[in-house]
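I have placed the structure first, in the form of structure tokens, so that the comments after it can refer back to it.
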Amino acid sequence: MNRTIHLPEAPKRIVSLVPSQTELLYTLGLHEEVVGITKFCIHPESWFRSKTRVGGTKNVRMDVIRELAPDLIIANKEENTAEDVKALMEHYPVWVSNIQTLEDACEMITGVGAITRKTAEAAQLADTIRQRFAALQPLPSPVPTAYFIWRDPWMAAGGDTFIHQMLLRCGLQNVFADIPRYPAIDETQLAACGCRLVMLSSEPYPFKEKHIHEIQAILPEAQVLLVDGELFSWYGSRLLDSPAYFEELLSHLPEG
């Protein structure tokens with residue numbers, strides 16, 4: 001947003017509108033400071049059960065936020081709507097992230113640490129994430145891969161997404177890398193894409209075993225897997241666990 005926000009002191013009443021960053025605030029130890037989260041902020045479960053919910057990521061309850069009287073709101077360009085963010089900016093300090101790469105995520109973590117006066121904790125967290133990803137060994141030969149986030153229509157992760165960056169870290173070739181955002185893919189496109197691996201994410205669409213058979217009917221030679229979407233798309237402290245998960249996943253894939 002190219003904006004600067006000024007906080008005279010450490011925020012004491014934080015509202016988070018981003019699930020992965022809510023979990024980050026928990027990891028940084030901001031248990032008392034966070035007063036509001038969205039209905040999609042499911043981690044940690046203790047916060048999901050106890051913190052005030054301010055609506056969804058894309059339909060924020062302005063009246064609830066007003067009652068909470070936050071001195072900091074944390075938002076994200078992709079997760080939240082421009083309309084909501086601009087409306088909130090008129091009344092509150094709003095810190096907005098825009099995450100596309102792993103380094104963006106690490107810079108976001110240190111940025112959140114700075115603004116919440118948890119600089120040392122955030123720096124250590126970001127360094128640990130960098131180290132674990134540096135140790136991740138990608139496949140020696142890229143496997144043509146499609147990563148689906150939705151069905152009816154089938155929607156895949158395109159080349160300008162954080163998920164795409166995670167696929168690259170694994171040594172996987174995103175067959176839809178030349179299409180931006182989350183394109184709708186029809187069965188003809190899928191059958192012609194040369195895909196050898198299909199990943200069906202656990203979120204936002206809850207893919208199940210039956211959907212594997214639907215894809216297999218279109219791509220009978222491809223390997224189809226259900227994967228943990230949080231470990232591919234959550235760019236906060238959950239990234240600590242992503243490299244180990246990717247290593248386990250890659251160990252069961254064909255090479256080349």
Side-chain angles (χ1 to χ4, degrees), residues 1-100 103-126 128-129 162 203-204 229-230 233-241:
M1 300 291 287
N2 294 314
R3 297 169 60 255
T4 300
I5 65 173
H6 300 280
L7 296 178
E9 57 186 7
K12 296 181 174 60
R13 299 187 61 78
I14 302 171
V15 168
S16 173
L17 304 180
V18 190
S20 61
Q21 288 171 301
T22 296
E23 186 176 43
L24 169 62
L25 296 171
Y26 175 82
T27 303
L28 293 177
L30 295 157
H31 306 292
E32 300 300 324
E33 291 85 349
V34 173
V35 295
I37 62 176
T38 77
K39 64 182 181 180
F40 299 114
C41 296
I42 59 174
H43 300 298
E45 185 177 0
S46 58
W47 281 17
F48 181 67
R49 300 300 176 193
S50 63
K51 299 289 184 183
T52 299
R53 299 183 196 176
V54 299
T57 53
K58 292 179 168 52
N59 55 346
V60 177
R61 291 279 306 277
M62 299 295 175
D63 55 333
V64 176
I65 289 182
R66 191 180 309 115
E67 292 173 2
L68 291 174
D71 52 13
L72 175 64
I73 296 176
I74 292 180
N76 174 264
K77 182 179 178 181
E78 182 173 285
E79 289 278 356
N80 310 122
T81 68
E83 181 181 46
D84 280 348
V85 170
K86 289 175 181 177
L88 291 167
M89 284 177 176
E90 295 180 6
H91 304 284
Y92 314 100
V94 183
W95 193 89
V96 183
S97 62
N98 181 23
I99 313 297
Q100 290 185 311
E103 190 52 37
D104 287 342
C106 290
E107 290 177 1
M108 176 276 293
I109 289 169
T110 56
V112 169
I115 204 170
T116 59
R117 310 307 196 266
K118 294 286 186 178
T119 304
E121 296 91 331
Q124 182 177 5
L125 175 60
T128 301
I129 289 170
F162 187 75
E203 62 157 43
E230 293 175 358
S233 63
W234 283 40
Y235 38 72
S237 48
R238 187 146 295 245
L239 286 171
L240 286 169
D241 301 323

Q. Do Gln21 and Trp95 have side-chain atoms, one donor and one acceptor, less than 3.5 Å apart?
A. no
Q) Do the side-chain N and O atoms of Tyr235 and Asp104 include a donor-acceptor pair separated by under 3.5 angstrom? A)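 No, no side-chain donor-acceptor contact under 3.5 Å.
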Q. Excluding sequence neighbours, so at least two apart, what forms side chain to side chain contact (heavy atoms under 4.5 Å, CB included) with Tyr92?
A.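 For Tyr92 the side chain to side chain contact (heavy atoms under 4.5 Å, CB included) partners, ignoring immediate neighbours, are Ile65, Arg66, Pro70, Ile73, Leu88.
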Q. For Ala75, what residues pass the side chain to side chain contact (heavy atoms under 4.5 Å, CB included) criterion, not counting sequence neighbours?
A.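 Ala75 satisfies side chain to side chain contact (heavy atoms under 4.5 Å, CB included) with Leu17, Asn80, Val85, Val94, Val96 only.
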Rounded to the nearest 0.5 Å, how far apart are [atom1] of [X] and [atom2] of [Y]?
X: Met108; Y: Ile74; atom1: CE; atom2: CD1; result: 9.0 Å
X: Ser97; Y: Glu78; atom1: OG; atom2: CD; result: 10.0 Å
X: Thr22; Y: Ile42; atom1: OG1; atom2: CD1; result: 11.0 Å
X: Ile109; Y: Gln124; atom1: CD1; atom2: CD; result: 12.0 Å
X: Thr57; Y: Asp84; atom1: OG1; atom2: CG; result: 9.5 Å
X: Asn76; Y: Ile99; atom1: CG; atom2: CD1; result: 6.0 Å

**Q.** By salt bridge (Lys or Arg N to Asp or Glu O under 4.0 Å) - contacts of Arg61 (at least two apart)
**A.**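 Scan of Arg61 (salt bridge (Lys or Arg N to Asp or Glu O under 4.0 Å), adjacent residues dropped) gives Asp63.
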(Q) I'd like to check the ring pair (Phe, Tyr, Trp, His ring centres under 6.0 Å) partners of Tyr26; sequence neighbours left out, ordered by chain and number. (A) His31, Trp47
Ignoring hydrogens, what is the shortest heavy-atom contact between [X] and [Y]? Give both atom names and the distance.
X: Ala126; Y: Thr110; result: CB-CG2, 3.9 Å
X: Val18; Y: Glu79; result: CG1-CG, 3.9 Å
X: Val54; Y: Gly36; result: CG1-CA, 4.3 Å
X: Ser16; Y: Leu25; result: CB-CD1, 3.8 Å
X: Arg117; Y: Pro11; result: NH1-CD, 4.4 Å
X: Pro19; Y: Cys41; result: CA-SG, 3.6 Å

Q | salt bridge (Lys or Arg N to Asp or Glu O under 4.0 Å): pairs with one or both residues in residues 7-26, sequence neighbours excluded | A | Glu9-Lys12, Glu23-Arg238
Q: Scan for salt bridge (Lys or Arg N to Asp or Glu O under 4.0 Å) pairs involving residues 26-50, sequence neighbours excluded, and state none if there are none.
A: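 Residue pairs with at least one partner in residues 26-50: Glu45-Arg49.
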Q | Side-chain heavy atoms of Val112 within contact of Leu24, under 4.5 Å | A | yes
Q) With a cut-off of under 6.0 Å to the ring centre and 45° to the axis, is Arg53 in cation-pi contact with Phe48? A)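 Yes, Arg53 and Phe48 form such a contact.
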